[in-house]
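By convention here, the first residue in the shown sequence is residue 1.
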Amino acid sequence: MPVQPSPSAAACDPVTPEARLGPVTPEPRASGPPSQAQPLLRQEATREEEGEETGGQGAWGTGTAEQRRRGLGEADVGTGKAGGTEAAGSGSSADGAGDGQGSWRLLLGWLLRRPPQCCPCAAPLPRSAAHCCHGGTKMAALAYNLGKREINHYFSVRSAKVLALVAVLLLAACHLASRHYRGNDSCEFLLSSGRFLGEKVWQPHSCMMHKYKISEAKTCLVDKHIAFIGDSRIRQLFYSFVKIINPQFKEEGNKHENIPFEDKVASLKVDFLWHPEVNGSMKQCIKLWTEDVVSKPHVIVAGAATWSIKIHNGSEEALSQYKMNITSIAPLLEKLAKTSDVYWVLQDPVYEDLLSENRKMITNEKIDAYNEAAVSILNSSTRTSKSNVKMFSVSKLIAQETIMESLDGLHLPESSRETSAMILMNVYCNKILKPVDGSCCQPRPPLTLIQKLAACFFTLSIIGYLIFYVIHRNAHRKNKPCPDLESGEEKKNIINTPVSSLEILLQSFCKLGLIMAYFYMCDRANLFMKENKFYTHSSFFIPIIYILVLGVFYNENTKETKVLNREQTDEWKGWMQLVILIYHISGASTFLPVYMHIRVLVAAYLFQTGYGHFSYFWIKGDFGIHRVCQVLFRLNFLVVVLCIVMDRPYQFYYFVPLVTVWFMVIYITLALWPQVTQKKANGNGFWYLGLLLKLAFLLLCICFLAYSQGAFEKIFSLWPLSKCFELEGSVYEWWFRWRLDRYVVLHGALFAFIYLALQRRQILSEGKGEPLFSNKISNFLLFVSVVSFLTYSIWASSCKNKAECNELHPSVSVVQLFICQYHIWLAADTRGILVLIPGNPTLNIAVSTFIFVCVAHEISQITADLAHVVIPKDNPALFRRLACTLAFFAGLLVLSSIQDKSRL
């Protein structure tokens, strides 16, 4: 029941019921800069929290904290469910009748009882009060705190992670059921289903299609013989297939004859055999292949029907004869399919309005009848098992979207033929070359020895933690407090058992094992679907605009006013991470201006690396091994685990090696004799010159390695460095990544040195409330920044190709959660997109992003927990841990070498 105010309370309330929330005292105006001024809303919320802690009078009046949560002051304490001991012990004070809306109903009832009036306060109010001490400001503050409390009560970080876990389990079950009923053969999906993402981008169902280059096609088809047999449509497919191998191959010669193609370097033959009808001639050709093992092709692509419809004027007798003929060749095709890949191409639809008069009898109705005959006969050619002859029906779907662009209504446009030819190349070559972004027709990779050992380790960790948890829970039950029969209250045990290091390790590795299982399911086990990226301007810029607008409504004041303070750099990194994530998932790397601006963000991150690490070592002078181990562990822990679980080289996660190497460069530069710190330089200005000489020498080393690729590759090709920085047997990728932003880290360190030196000399002053520069200088620097950014944008938009832009980027970039996305937000090692919910891209992105954020947050906590346990501050213990770590990596290198030899 609603709470009624007592008469005494009403008599003491001459102005408004809001007075029950406590007296409002005039607050002094903020004298500092905007960053120092706390808004009224935050002050009220702070005082409320303080009141709850002490149990005394907070911003909302006197009474218990539980009563103030309900918006009630001391005057409301009386009879009814809201007051007395019932409110404190019933558990219903926050939700009224139990529906979770009690606090909002109390707020509405309180607002409707009497309209707020302005009070005749004698003292001046702050501007934020807007001339009314009890009106909109306090109501907004109350609504804000009540709403925040409701949301935090029902939805916390923990509940979000539980929800993400439930979503993963449900989605995994759904995909397992789908695989069971629909089949798990991605080749079948590639040959039969898909859709267009754009005008020329074909997306197969549930898997990714690789775009083969000339060298890749020749490598796959070396010493192979491919035969196309059929009519003019098969001839078109033949030409498109050959142009993947040799783009200069021309469509010339007699169209109604056999057309050969041979690449002698690759010992590759591709032939087109003119057999426009399924008749005795085609049967004889196929029969010869079954008898002659030498001339039998490795791949056979066959199909014909339109000539039969045209010659016989679409008669029923022709269809009957077609069925008889295809029935006679079906056993021959089945026999060939046991040792060769045989594809029967179903007939594409026609655009009847464009057909010439002598082709008017070729209707889509007739084509469907011929296709049904071919499918029913070829699929039933074996009674005991599934037919080995594969139906190439995807061309029908492609033609349905593009046949309107045909010149004669019968033959497909070139772009459609190229898509069909690329599908054929994926069907045959993906299982041979195993491209990262070609998941169609690829079997699940076998587990390596290291992966098996990792699985055993995480399994034992999970079992160990469960045993530990059961033992700990039983011990907790024995120590459970017993109720005091006299007072009716429980006797609480005030002894808190400290959490042991073993428990932290087991719990962390248990969680990490479950998370790594999800990583493996997403990007290795072929449980979830994958799709190719497809860039559009809207897919990149709309999310960017959305998060920028959203960010306007979420801001906080800070007490820090120094340049690049921790809160500012964290905010900067957060925005950069968001933009980079959107850049990756939208495939915006294909749009050169966006690519170059993202390169600026990467350079900015590395700038902060140089600035932050230099500032720490310069000010603290702490060159101890503990600091180095902490930084290296936090940077590399997740990457090392992923290298083991996902069977990927360290260099694959290139950004972590990049920041790790640059951290070590800054550390070694400053730690080597003579060690120059701020404290030492303040005593003698000569040390400033010594530090500048160190930085100058570092610049010379950078320039030498940047322009001497041979020397760079020799250094990083030495074992064991080669095991860390090689990618596909070469360190070129590492040289390329390092060279892109080779000056920006040094620029960050130099900026930190100049800034801290000027600050120490009191040339720059950053006292509270004092600006760093005068208004004129600040405006001038702002103008230079805007002009520089616009100039860079214009230059980036005018670049002709990535190679040209990348060459100039290191020289201009100095004026301008990341790892998890590789496998559980993106897919195929960042080349594609993970599909948890097929058919709905927006919902899929929302769900996968939610799970991705929860996983990233949990991994961050696990890394922090393990860092405290694994990296002790005690030097002897730390050195023992380092020895164990070195032994672990030595064993890992040995196992990796064994694996590499077994793969050869």
Side-chain angles (χ1 to χ4, degrees), residues 33-36 540-541 543-585 588 594-619 631 634-635 655-656 658-660 662-663 666 740-741 743-756 759 764 766 771-773 778 781-790 792-793 796 809-810 812-821 853 856-857 860 864:
S35 60
Q36 298 295 322
F540 176 77
F541 289 104
I544 293 293
I545 295 172
Y546 173 77
I547 63 171
L548 289 176
V549 172
L550 194 65
V552 173
F553 297 97
Y554 289 88
N555 55 79
E556 292 183 1
N557 294 324
T558 176
K559 296 180 181 179
E560 286 286 346
T561 59
K562 294 183 179 180
V563 171
L564 293 180
N565 59 73
R566 179 62 180 269
E567 294 183 3
Q568 183 182 5
T569 54
D570 286 348
E571 177 86 2
W572 188 2
K573 290 178 182 178
W575 282 106
M576 290 192 297
Q577 293 268 7
L578 281 174
V579 175
I580 291 173
L581 287 174
I582 295 171
Y583 162 82
H584 278 302
I585 202 166
V594 172
Y595 166 80
M596 291 310 300
H597 284 83
I598 296 299
R599 294 273 7 127
V600 174
L601 296 186
V602 175
Y605 201 103
L606 293 173
F607 171 87
Q608 291 189 42
T609 297
Y611 176 88
H613 292 312
F614 179 91
S615 299
Y616 178 86
F617 291 126
W618 174 253
I619 296 173
V631 173
R634 290 176 181 271
L635 285 176
F655 191 74
V656 169
L658 198 61
V659 293
T660 299
W662 280 118
F663 164 73
I666 295 294
L740 270 178
D741 300 292
Y743 300 128
V744 72
V745 175
L746 181 60
H747 176 235
L750 186 62
F751 177 85
F753 168 70
I754 295 173
Y755 162 69
L756 293 172
Q759 186 186 52
L764 297 178
E766 286 187 299
L772 187 63
F773 299 107
S778 298
L781 293 176
L782 177 62
F783 173 77
V784 172
S785 299
V786 172
V787 171
S788 299
F789 178 78
L790 293 177
Y792 183 89
S793 299
H809 170 75
V812 297
S813 63
V814 294
V815 296
Q816 310 292 335
L817 305 319
F818 189 75
I819 299 302
C820 288
Q821 61 165 322
V853 171
H857 186 273
S860 176

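Between V787 and F783 there is a side-chain heavy-atom pair separated by less than 4.5 Å. Using a 4.5 Å cut-off on side-chain heavy atoms (C-beta onward), I585 and Q821 make no contact. Inter-residue side-chain proximity for Q608 and L564 is flagged as unmet; no heavy-atom pair is nearer than 4.5 Å. Residues T569 and Y611 are not in side-chain contact: their nearest non-hydrogen atoms beyond the backbone lie 4.5 Å or more apart. Using a 4.5 Å cut-off on side-chain heavy atoms (C-beta onward), F751 and F614 make no contact. Side-chain atoms of V659 and V745, non-hydrogen and from C-beta on, never get closer than 4.5 Å to each other. For the pair L601/W575, no side-chain contact is recorded, criterion being any heavy-atom separation below 4.5 Å from C-beta on.
Between the side chains of W572 and Q568, not a single donor N or O lies within less than 3.5 Å of an accepting N or O.
With S860 contributing its side chain and A856 its backbone, the two residues share no donor-acceptor pair below 3.5 Å. One N or O on the side chain of Y792 and one on the backbone of M596 form a donor-acceptor pair closer than 3.5 Å.
The distance from atom CG of L746 to atom CG of D741, rounded to the nearest 0.5 Å, is 13.0 Å. Separation of atoms CD1 (I598) and CE (M576) is listed at 10.5 Å; rounding is to 0.5 Å. The CG atom of L606 lies 5.0 Å from the CG atom of L658; values are rounded to the nearest 0.5 Å. For the atom pair CD1 (I582) and CZ (F541), the distance works out to 11.0 Å, reported to the nearest 0.5 Å. Distance check, rounded to the nearest 0.5 Å: CG of N565 to CD of E571 gives 10.5 Å. Note that CD1 of I666 and OG1 of T609 are 9.0 Å apart. Values are rounded to the nearest 0.5 Å.
Note: H597 and F789 meet the aromatic proximity criterion, with ring centroids under 6.0 Å apart.
Ring planes of Y583 and F540: perpendicular class, angle over 60° (limits at 30 and 60°). W618 and F753 have perpendicular rings, their planes meeting at more than 60° on a 0 to 90° scale where under 30° would count as parallel.
Of the candidates L550, L548, V549, L550 is the only one forming a side chain to side chain contact (heavy atoms under 4.5 Å, CB included) with Y546.
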